[in-house]
Amino acid sequence: MGHSVDPKNGHYIGNWGEFGCPTPQRIATYSLSPNRQRPMAGAAHAAIFNVFRRFRHQVLYVAPPSLSHTNEFLNSKPGRLLEGGNEE
């Protein structure tokens, strides 16, 4: 059943349901890497520790001047004049 030559082209096209399609060769499969599947994985954890690390490295540059009254005076108009700066 179905083992006849195709009258138009002259070749065998196979049984019913397998119309001459050869088995697929070179099947391409695609996948996503884990960082593409979950782009925000670990973002909150990294943010907490990055903020702590940055704060720890910058606190000695920011805290002492802001805690001292001398810094406030030196950044005022009379303090700049005393240090030899201009009035601007």
Side-chain angles (χ1 to χ4, degrees):
M1 180 173 160
H3 293 285
S4 63
V5 175
D6 180 15
K8 184 175 181 184
N9 298 320
H11 67 273
Y12 174 69
I13 63 170
N15 291 328
W16 178 256
E18 343 172 314
F19 292 115
C21 296
T23 57
Q25 305 291 321
R26 299 184 189 101
I27 297 174
T29 59
Y30 300 95
S31 64
L32 289 175
S33 64
N35 62 338
R36 294 287 182 159
Q37 292 176 12
R38 296 178 42 206
M40 297 301 290
H45 181 267
I48 292 169
F49 288 103
N50 279 343
V51 167
F52 175 72
R53 178 183 53 83
R54 290 177 180 164
F55 174 77
R56 186 182 55 169
H57 287 291
Q58 295 295 321
V59 71
L60 293 178
Y61 295 107
V62 176
S66 65
L67 296 176
S68 96
H69 296 289
T70 308
N71 184 52
E72 188 176 324
F73 172 72
L74 290 176
N75 286 325
S76 66
K77 190 171 184 178
R80 282 182 292 193
L81 287 174
L82 182 67
E83 291 294 317
N86 53 9
E87 290 186 18
E88 295 175 17

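Count residues from 1 along the sequence.
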*If you count the non-hydrogen atoms of other residues, nucleotides and ligands that lie under 6.0 Å from CZ in R38, is the total more than 12?*
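Result for CZ/R38: open.
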
*asked:* Please check if the number of heavy atoms outside H45 that lie under 6.0 Å from its NE2 is greater than 12.
replied: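 No, because the 6.0 Å sphere around NE2 of H45 holds 12 heavy atoms or fewer from other groups.
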
_Starting from V59, can I reach F52 by hopping between I/L/V/M/F/W/Y residues whose side chains sit under 4.5 Å apart?_
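They do not share one cluster, since no chain of ILVMFWY contacts under 4.5 Å joins F52 to V59.
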
*Do E83 and L74 have side-chain heavy atoms sitting under 4.5 Å apart?*
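Heavy-atom side-chain distance check passes, below 4.5 Å.
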
